[in-house]
Amino acid sequence: MKKVSVVVPCYNAAKYLDKCVGYLLRQTIGLEDMEIILVDDASTDGGETRNCILGYEQRFPDTVIAVFLEQNLRQGGARNAGVSYASGEYLLFCDADDWILEETLEHSYNAARKYDADIVGFGRQTVDRHEACAFLKKGGQDFFAELDTEDKKKRFLFEMGNDSYSSQNKLFRLSLVRGRQIAFVEHLFIEEFSFTVPARLYAERFYFLDEQLYVYYMSPGSTMRGDWEKKKWDNLKGWILLMEDLENRGLLARFPKELEYLFFELGFGTSLQMLYQAGCAMDLEEWNMVAQAIRMRAPNIRRNPYLDQEQVPLTRAWNGMLLALLDMPASEESVKEANRLLAGSIGKLF
């Protein structure tokens, strides 16, 4: 068994792969202990990405696995396809335009084995030039959490520290992912929480390694920075699908208040924040869709104890504005007024 499987979703990524795969091939854990699964998500660049992936597979047949999808499934679907080929003890995701430092797999895997962790989280650093250099940066905030009670799991959902709901800056035990059938939502631009939230709820042991091991390239054409009009409700759609999944798993019944609050804050609130930061607005039909989602998945949000427990003043102010929106009458005029108020408030609050 390999120690780590690395899944890299690739869509028109030929110009980025040399750096991404180059760092993977230089991992200090050693090629014999890792596998790299390159998933071409039905690229449309005339075969450039496909040929690049095939070249790596031919040069490193014992390390690189090439996977080619006939239909574009977005990053979530491409990651799911890659996971189906994985054979490592642990699993890591790396986007094709990002890279990981040479020590990443060795350091995170050693931490996973030392603490028998289901998930190891670690820090990341951001660059705005793909040719930029990144170096290992360590902090002093490592911590271990044994999640053996419901109360500990509840706190774990909120006490993120330097961790996040991102899927890339983590090492996951593959048997946990397979055994619990954890997967990303597909066909959406924003999908990571659909994997990491159930993973956090099922994990029994978590370790955070305070080292900035993942390098995130803030590309102008990346998923998070492109034309927002095409994906402006993907975050909310993803959260709706996640809540349905958690309900089917019985997790929503175990953690109702926690998941309701996360849906309100990260599903509803973050969707509106993204919308207005991107200069978009909503119409009456869209508002009715949003309001229906809140009625379905957060019907008791005003009585949710986590609203009162919120300690961050800006978050409390934003939550208050979101609650006021829910009292808004459904009309063209009220939606226009909401658009005006939200657009003016976003810059002040975030």
Over 12 non-hydrogen atoms of neighbours within 6.0 angstrom of CZ in R178: yes
Keeping D41 on the side-chain end and P9 on the backbone end, is there a donor-acceptor pair under 3.5 Å? no
How are the rings of F143 and F206 set relative to one another: parallel (under 30°), tilted (30 to 60°) or perpendicular (over 60°)? tilted
Looking only at side-chain N and O atoms, does Q168 offer a donor or acceptor that is under 3.5 Å from a partner on D98? no
How are the rings of F158 and Y261 set relative to one another: parallel (under 30°), tilted (30 to 60°) or perpendicular (over 60°)? tilted
Derivation and outcome, side chain to side chain donor-acceptor pair (under 3.5 Å), residues N110 and R113: CA-CA 5 Å; N110 287 345; R113 290 304 303 268; over 6 Å; no
Can a donor-acceptor pair be found, under 3.5 Å and without considering hydrogens, that links the side chain of E265 to the backbone of N319? no
Crowded around M296 CE? As in, over 12 foreign heavy atoms under 6.0 Å? no
Between the side chains of D327 and R302, is the shortest nitrogen-to-carboxylate-oxygen separation below 4.0 Å, so that they form an ion pair? yes
Charged N-O contact under 4.0 Å between E146 and R205: yes
Look at R316 together with E310 and state whether they make a salt bridge at an N to O cut-off of under 4.0 Å. no
If you look at every heavy atom in T196 and S167, which pair is closest and at what distance? CG2-CA, 3.8 Å
Indicate whether the side chain of T28 and that of E106 have a donor and an acceptor atom separated by less than 3.5 Å. yes
Please tell me whether N80 and E186 have a donor and an acceptor in their side chains that are separated by less than 3.5 angstrom. yes
When you check the gap from the basic side-chain N to the acidic O, do E204 and R173 get nearer than 4.0 Å? no
Give me the one residue out of V7, L24, I65 that meets side-chain contact (heavy atoms from CB on, under 4.5 Å) with I36. L24
Go through E191 and K237 one step at a time and tell me if the salt bridge (charged side-chain N to carboxylate O under 4.0 Å, His left out) criterion holds. CA-CA 9 Å; E191 75 296 315; K237 292 175 183 177; over 6 Å; no
Between D95 and the options R79, R124, K19, the salt bridge (charged side-chain N to carboxylate O under 4.0 Å, His left out) test singles out R79
Donor-acceptor check, side chain of E286 to backbone of D283, threshold 3.5 angstrom: yes or no? yes
Please state whether the rings of Y217 and H130 are parallel, tilted or perpendicular, taking 30° and 60° as the class boundaries. perpendicular
Please round to the nearest 0.5 Å and tell me the distance separating atom CD of E332 and atom CD of E285. 10.0 Å
Hydrogens and angles aside, do S166 and E192 bring a side-chain donor and acceptor to less than 3.5 Å of each other? yes
Evaluate salt bridge (charged side-chain N to carboxylate O under 4.0 Å, His left out) for R180 paired with D118, printing each intermediate quantity in order. CA-CA 12 Å; R180 295 295 190 172; D118 292 316; over 6 Å; no
Full working for side chain to side chain donor-acceptor pair (under 3.5 Å) between D18 and Y56: CA-CA 9 Å; D18 281 348; Y56 282 116; 2.5 Å; yes
Work out which heavy atom in I37 is nearest to a heavy atom in V67; give both atom names and the distance. CG2-CG2, 3.9 Å
Does K2 come within less than 4.0 Å of E89, counting only side-chain N to carboxylate O? no
Ring centroid separation F208 to F144 under 6.0 Å: no
Is a side-chain donor or acceptor of K232 paired with a backbone partner of A281 at a separation under 3.5 angstrom? yes
Flag this pair as yes if the NZ/CZ of R200 is under 6.0 angstrom from the six-membered ring centre of Y165 and inside a 45 degree cone about the axis; otherwise no. yes
For residues S43 and Y11, report the shortest heavy-atom separation together with the two atoms involved. OG-CA, 3.4 Å
Min side-chain heavy-atom separation L174-V83 under 4.5 Å: yes
Please determine whether salt bridge (charged side-chain N to carboxylate O under 4.0 Å, His left out) holds for the pair R249 and D245, giving the CA-CA distance in whole Å, both sets of side-chain angles, and the decisive distance to 0.1 Å. CA-CA 6 Å; R249 293 173 180 273; D245 177 50; 2.9 Å; yes
Looking only at side chains, do S271 and N235 share a donor and an acceptor under 3.5 Å apart? yes
Answer yes or no: is there an ion pair linking K257 with E260, defined by an N-O contact shorter than 4.0 Å? no
Taking the six-membered ring for Trp and the single ring otherwise, decide whether the centroids of F93 and F184 are under 6.0 Å apart. yes
Taking NZ, NE, NH1 and NH2 as the nitrogens, is one of them in K15 or E48 under 4.0 Å from a carboxylate oxygen of the other? no
